[in-house]
Amino acid sequence: MTNRKYSKELVDGPNQAASRSMLRGVGFTSEDFTKPFVGIASTGAKVTPCNMHINQLSEIVEKSVDSSGGKGVLFNTITVSDGISMGTQGMKYSLVSREVIADSIETVVGCLGYDGVIAVGGCDKNMPGCIIGMARLNRPSIFIYGGSIKPSKENTDYVTVCEKTGEYSKGDLKESELIYVEKISVKGPGSCGGMYTANTMASAIEALGMSLPGSSSQDATSGDKENDCAKAGEAIMNLLEKDIKPSDIMTKNAFENAITMVISLGGSTNAVLHLLAMAHSIGEDLELDDFTRIGKKTPVMADLKPFGSHYMSELNANGGIQPLMKTLLEKGLLHGECLTVTGKTLAENLAEIKPYDADQDIIKSFNNPIKANSHLRILYGNLAKDGAVAKITGKEGTSFKGSARVFDSEEEGVEAILSKSIKAGDVVVIRYEGPKGGPGMREMLKPTSAIMGQGLGDKVAFITDGRFSGGTHGFVVGHITPEAADGGLIAIIEDGDSILIDADSDKLILNISEDEISNRLSRWVNPKTPPKKGVLAKFAKSVKSASLGAVTD
């Protein structure tokens with residue numbers, strides 16, 4: 001009999017008649033009580049293009065489960081939008097939403113005795129939130145990505161609009177031209193189209209083995225995405241039959257596969273934060289230094305935005321990420337023995353995959369990569385005793401020494417950039433934006449896009465204890481730990497201090513004397529008052545360091 005480990009406790013026997021009565025009220029039949037229950041967690045909502053279609057996809061999943069011999073039960077969890085809230089106080093809730101999503105999936109499934117879980121996610125925090133919730137439950141589970149949006153006919157997207165705002169502030173663009181780009185650039189549904197955080201995490205999850213092959217690159221509105229959902233019922237029944245759980249799939253080697261894919265695709269710094277948290281949720285020991293170890297042997301091979309030329313929809317039209325995965329496997333950079341949600345190993349899934357066509361120019365060869373090793377650099381030094389995460393492609397160089405321009409919030413930093421007071425040679429420092437200090441660890445796409453829009457991308461560096469959107473590019477360092485709110489050295493930087501960022505030796509150094517450091521630390525008082533109540537207060541009290549994934553348990 002297919003696994004009914006949890007649902008049978010809920011509905012079997014005379015003593016559970018009242019429970020069955022409630023379920024009959026929502027449409028269960030007597031036959032349904034003999035089937036495994038599969039909870040289908042939808043992140044569908046009209047609040048963002050990324051998720052506006054996901055309820056419809058989830059209904060396809062529900063029908064697929066029902067037609068495959070299970071009983072699908074559809075429920076919703078939340079989503080927020082990084083893109084809409086970017087640069088505002090609302091962005092403080094973005095990372096928090098990852099925890100709320102994980103908590104809500106765990107709560108519903110744990111309460112209602114579902115034997116398996118399928119989650120459908122779109123925007124950035126949906127994906128790790130879903131995976132964390134499924135990992136905690138450790139019941140047969142599958143993740144489905146809602147899919148990527150296509151760029152406009154003019155080849156613009158959300159990040160284009162952000163950077164055009166910088167051009168407008170510089171005086172290089174008329175307001176009417178800015179509004180035109182605003183109007184054409186985001187026509188949903190689907191997640192942001194470059195190798196930003198959504199597509200990065202979708203690719204990482206496919207490499208991890210937790211989504212069906214091909215799920216990560218499909219367009220949001222496509223027959224392929226609908227087929228991805230339609231296959232889920234048979235796949236989850238197979239996992240239930242074989243009792244294959246997330247703990248069987250999400251192993252240390254599987255996480256190494258995910259890291260390798262993130263690097264080879266030129267993915268977002270947020271992947272570091274989320275993969276650490278996902279590993280923690282399943283009990284695997286993943287550390288910042290694993291990214292350095294894997295990064296030394298893994299080239300960046302994808303010419304994808306933000307620092308490249310192409311969108312995910314273009315890569316999908318050329319075969320998605322699977323031909324790249326097969327190449328990496330053949331080069332010995334992936335662990336082929338890892339189990340996946342197909343019930344087969346990664347190597348078995350890739351056995352029949354054909355290489356990319358010779359004339360495609362999105363994925364480069366090993367002989368001519370975008371970068372010979374990782375663009376994700378884990379930096380240490382007196383400014384980052386516990387580590388920091390840099391996104392350095394080499395286009396702006398690999399080291400930078402400059403003078404600090406210090407701001408105690410994102411808003412202050414953005415105002416300075418847009419007012420043209422940031423000059424070549426400056427290191428913009430935005431602090432008190434860490435997980436605890438924000439609270440919430442806001443993404444810094446507005447200031448970094450303003451820097452790029454003003455043509456300062458190779459002339460200015462940017463460091464923060466906050467984090468970056470996957471759309472960020474330039475000479476940027478985030479996730480600095482200890483964060484300012486914990487008395488890290490970023491809290492005592494003063495205007496004019498010399499700062500060295502060296503991605504060759506992976507160092508982040510504040511060039512002042514030890515005596516001066518001691519004097520400043522002795523005078524330091526946290527200028528920020530944390531919130532007294534509500535979800536941000538709970539998050540600030542429970543959240544761990546960014547170097548540990550900003551987990552809350």
Side-chain angles (χ1 to χ4, degrees), residues 82-83 85-92 94 159 161-173 175 178 269 306 383-384 388 390-392 396-397 400-434 437-438 440-469 471-480 483-485 488-501 508 510-512 520 524 526-528:
D82 297 357
S85 64
M86 195 72 69
T88 72
Q89 290 293 302
M91 184 65 191
K92 291 181 176 181
S94 172
V159 175
V161 185
C162 293
E163 295 184 358
K164 290 294 183 182
T165 304
E167 291 183 34
Y168 169 75
S169 70
K170 187 182 177 184
D172 290 348
L173 200 70
E175 185 176 5
L178 175 62
T269 53
L383 255 180
K391 185 178 185 179
I392 298 174
E396 294 83 17
F400 192 101
K401 188 175 183 180
S403 299
R405 291 292 309 278
V406 184
F407 306 96
D408 284 351
S409 71
E410 180 186 3
E411 286 83 356
E412 294 172 25
V414 170
E415 182 180 354
I417 296 165
L418 294 180
S419 66
K420 304 180 187 178
S421 71
I422 301 300
K423 307 299 181 184
D426 286 345
V427 178
V428 176
V429 180
I430 294 183
R431 62 192 178 191
Y432 297 104
E433 293 286 4
M441 203 178 184
R442 288 193 287 180
E443 291 182 346
M444 302 287 136
L445 182 58
K446 274 203 171 179
T448 57
S449 294
I451 287 169
M452 298 303 293
Q454 293 191 0
L456 294 171
D458 59 348
K459 302 176 182 67
V460 168
F462 185 107
I463 71 172
T464 180
D465 53 4
R467 59 194 176 92
F468 296 111
S469 162
T472 291
H473 56 127
F475 211 101
V476 298
V477 183
H479 305 204
I480 291 175
E483 62 173 291
L489 259 59
I490 189 173
I492 62 167
I493 300 174
E494 297 179 358
D495 281 346
D497 285 347
S498 172
I499 293 173
L500 172 65
I501 306 166
L508 181 61
L510 174 62
N511 290 310
I512 62 176
R520 292 186 191 180
W524 175 76
N526 188 347
K528 301 290 185 177

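Fair warning: this is a prediction, and the values are worked out from it, not measured in the lab. For reference, positions follow the sequence shown, starting with 1.
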Colleague: Any salt bridge linking Glu167 with Lys164? Criterion: basic side-chain nitrogen under 4.0 Å from a carboxylate oxygen.
Modeller: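 Yes.
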Colleague: State, yes or no, whether a side-chain contact exists between Ile493 and Leu383 at a heavy-atom distance under 4.5 Å.
Modeller: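 Ile493 vs Leu383: side chains touch.
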Colleague: Could you tell me which non-hydrogen atom of Phe475 sits nearest to which non-hydrogen atom of Val460, and how far apart they are?
Modeller: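 Where Phe475 meets Val460 most closely, the heavy atoms are CB-O, 4.0 Å.
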Colleague: Using side-chain contact (heavy atoms from CB on, under 4.5 Å), reason through Glu483 and Arg431 one step at a time and then give a plain yes or no.
Modeller: CA-CA 8 Å; Glu483 62 173 291; Arg431 62 192 178 191; over 6 Å; no
Colleague: For a quick check under 3.5 Å, do Arg442 and Ser409 share a side-chain donor-acceptor pair by atom type?
Modeller: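 Judged by distance alone, the side chains do not pair up.
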Colleague: Counting neighbours of CZ on Phe407 that are heavy atoms of other residues, nucleotides or ligands and sit closer than 6.0 Å, is the number greater than 12?
Modeller: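 It does: Phe407 CZ has more than 12 such atoms within range.
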Colleague: Any side-chain to backbone donor/acceptor pair from Ser94 onto Met91? Under 3.5 Å, distance only.
Modeller: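 Flag not set: sc Ser94 to bb Met91 has no pair under 3.5 Å.
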Colleague: Donor-acceptor pair, Lys459 side chain versus Ala424 backbone, under 3.5 Å?
Modeller: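 No; zero donor-acceptor contacts below 3.5 Å.
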Colleague: Measuring only between side-chain heavy atoms, which start at C-beta, is Ile463 closer than 4.5 Å to Val428?
Modeller: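 They are not in side-chain contact.
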Colleague: The test is side-chain contact (heavy atoms from CB on, under 4.5 Å); show your working for Ser469 and Met444 and say whether it passes.
Modeller: CA-CA 6 Å; Ser469 162; Met444 302 287 136; over 6 Å; no
Colleague: Quick check: does any side chain N or O of Asp495 sit under 3.5 Å from a backbone N or O of Val406, one acting as donor and the other as acceptor?
Modeller: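 Checked: pair present.
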Colleague: Kindly indicate whether the side chain of Ile490, heavy atoms from C-beta on, has any atom under 4.5 Å from the side chain of Val429.
Modeller: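 A side-chain contact exists here, since the closest heavy-atom pair is under 4.5 Å.
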Colleague: Is the backbone N or O of Glu411 less than 3.5 Å from a side-chain atom of Glu415, with the two atoms forming a donor-acceptor pair by type?
Modeller: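 No, because the side chain of Glu415 does not come within donor-acceptor range (under 3.5 Å) of the backbone of Glu411.
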Colleague: Look only at the side chain of Arg467 and the backbone of Glu443, and say whether a donor-acceptor pair between them is shorter than 3.5 Å.
Modeller: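 Side chain of Arg467 to backbone of Glu443, a donor-acceptor pair under 3.5 Å: no, none is there.
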Colleague: Which heavy-atom pair separates Ala390 from Val477 by the least distance, and what is that distance?
Modeller: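 Closest pair (atom of Ala390, atom of Val477, distance): CB-CG2, 3.9 Å.
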Colleague: Under the side-chain contact (heavy atoms from CB on, under 4.5 Å) rule, what do Phe400 and Leu500 come out as? Steps first, then yes or no, please.
Modeller: CA-CA 6 Å; Phe400 192 101; Leu500 172 65; over 6 Å; no
Colleague: Using atom types as modelled and distance alone, determine if a side-chain donor or acceptor of Asp465 lies under 3.5 Å from a backbone N or O of His479.
Modeller: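 No; judged by distance alone, with no hydrogens or angles, the pair does not exist.
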Colleague: Under 3.5 Å, is there a donor-acceptor pair between the side chain of Ser421 and the main chain of Ile417?
Modeller: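 No, Ser421 side chain to Ile417 backbone: no donor-acceptor pair under 3.5 Å.
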Colleague: Do Glu433 side-chain atoms and Glu410 backbone N/O form a donor-acceptor pair below 3.5 Å?
Modeller: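 Looks like yes, one N/O pair under 3.5 Å.
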Colleague: Can you check side-chain contact (heavy atoms from CB on, under 4.5 Å) on Asn511 and Ile499, steps first, answer last?
Modeller: CA-CA 6 Å; Asn511 290 310; Ile499 293 173; 5.9 Å; no
Colleague: Which pair of non-hydrogen atoms, one from Ala491 and one from Trp524, has the smallest distance, and what is that distance?
Modeller: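 Taking every non-hydrogen atom into account, CB-NE1, 3.5 Å.
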Colleague: Can you check whether Lys528's main-chain N or O pairs, donor with acceptor, with Asn526's side chain at less than 3.5 Å?
Modeller: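 Here the side-chain-to-backbone pair exists.
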